[in-house]
Amino acid sequence: MIANINVTLAWEVGNAEPYRDGFTAGFHTDVSAVLDVIFGRFSPVGKMPITLPRGDEVLKVDENGKAYAYRDTVGNYYEMGFGLNYLK
């Protein structure tokens with residue numbers, strides 16, 4: 001399952017991660033553009049202009065000094081400037 005979130009504001013995605021295989025994010029992105037990415041017709045590029053918070057405890061600093069970035073189950077921190085690429 002792929003979740004698509006509209007990130008006009010920073011979301012807390014930790015509650016959704018266990019129920020999805022991946023997610024896309026955009027800023028009022030056209031549905032056809034999102035589907036082009038999901039079905040491999042376009043390889044996405046870009047870096048996050050915001051940080052996704054990990055939860056309500058955002059004022060605490062974790063063990064790596066990341067004050068509030070969400071960390072997924074494979075260790076990626078969703079902080080400003082983060083980006084993934086498709087492997088080809």
Side-chain angles (χ1 to χ4, degrees):
M1 174 194 281
I2 298 173
N4 182 49
I5 58 174
N6 184 12
V7 285
T8 54
L9 296 172
W11 285 60
E12 290 183 20
V13 296
N15 292 333
E17 184 179 4
Y19 305 104
R20 55 95 183 146
D21 298 306
F23 67 86
T24 61
F27 296 86
H28 301 299
T29 307
D30 186 74
V31 174
S32 64
V34 173
L35 292 174
D36 283 348
V37 169
I38 290 172
F39 290 113
R41 296 185 291 256
F42 179 79
S43 183
V45 296
K47 302 289 183 183
M48 291 181 56
I50 61 171
T51 296
L52 295 179
R54 65 179 181 173
D56 292 334
E57 73 286 357
V58 296
L59 297 177
K60 296 168 73 176
V61 176
D62 73 12
E63 68 279 358
N64 293 312
K66 308 285 186 181
Y68 51 88
Y70 174 70
R71 180 176 166 175
D72 67 17
T73 56
V74 295
N76 296 307
Y77 279 96
Y78 289 78
E79 59 189 334
M80 190 171 77
F82 176 74
L84 293 173
N85 297 318
Y86 284 163
L87 299 175
K88 291 195 175 196

Between Phe82 and Asn76, what is the shortest heavy-atom contact and its length?
-> CZ-CB, 3.6 Å

Residue pair Gly26 / Asn6: nearest heavy atoms and the distance that separates them =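 Nearest pair, atom of Gly26 first, then Asn6: O-OD1, 3.2 Å.
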
The side-chain contact (heavy atoms from CB on, under 4.5 Å) partners of Ile2 (sequence neighbours excluded) come to Thr24, Ile38

Can you hop from Phe39 to Val31 via hydrophobic side chains spaced under 4.5 Å?
-> yes

What distance separates Thr29 OG1 from Leu35 CG, expressed to the nearest 0.5 Å?
-> 11.5 Å

With sequence neighbours excluded, residues passing side chain to side chain donor-acceptor pair (under 3.5 Å) with Asp21 = none

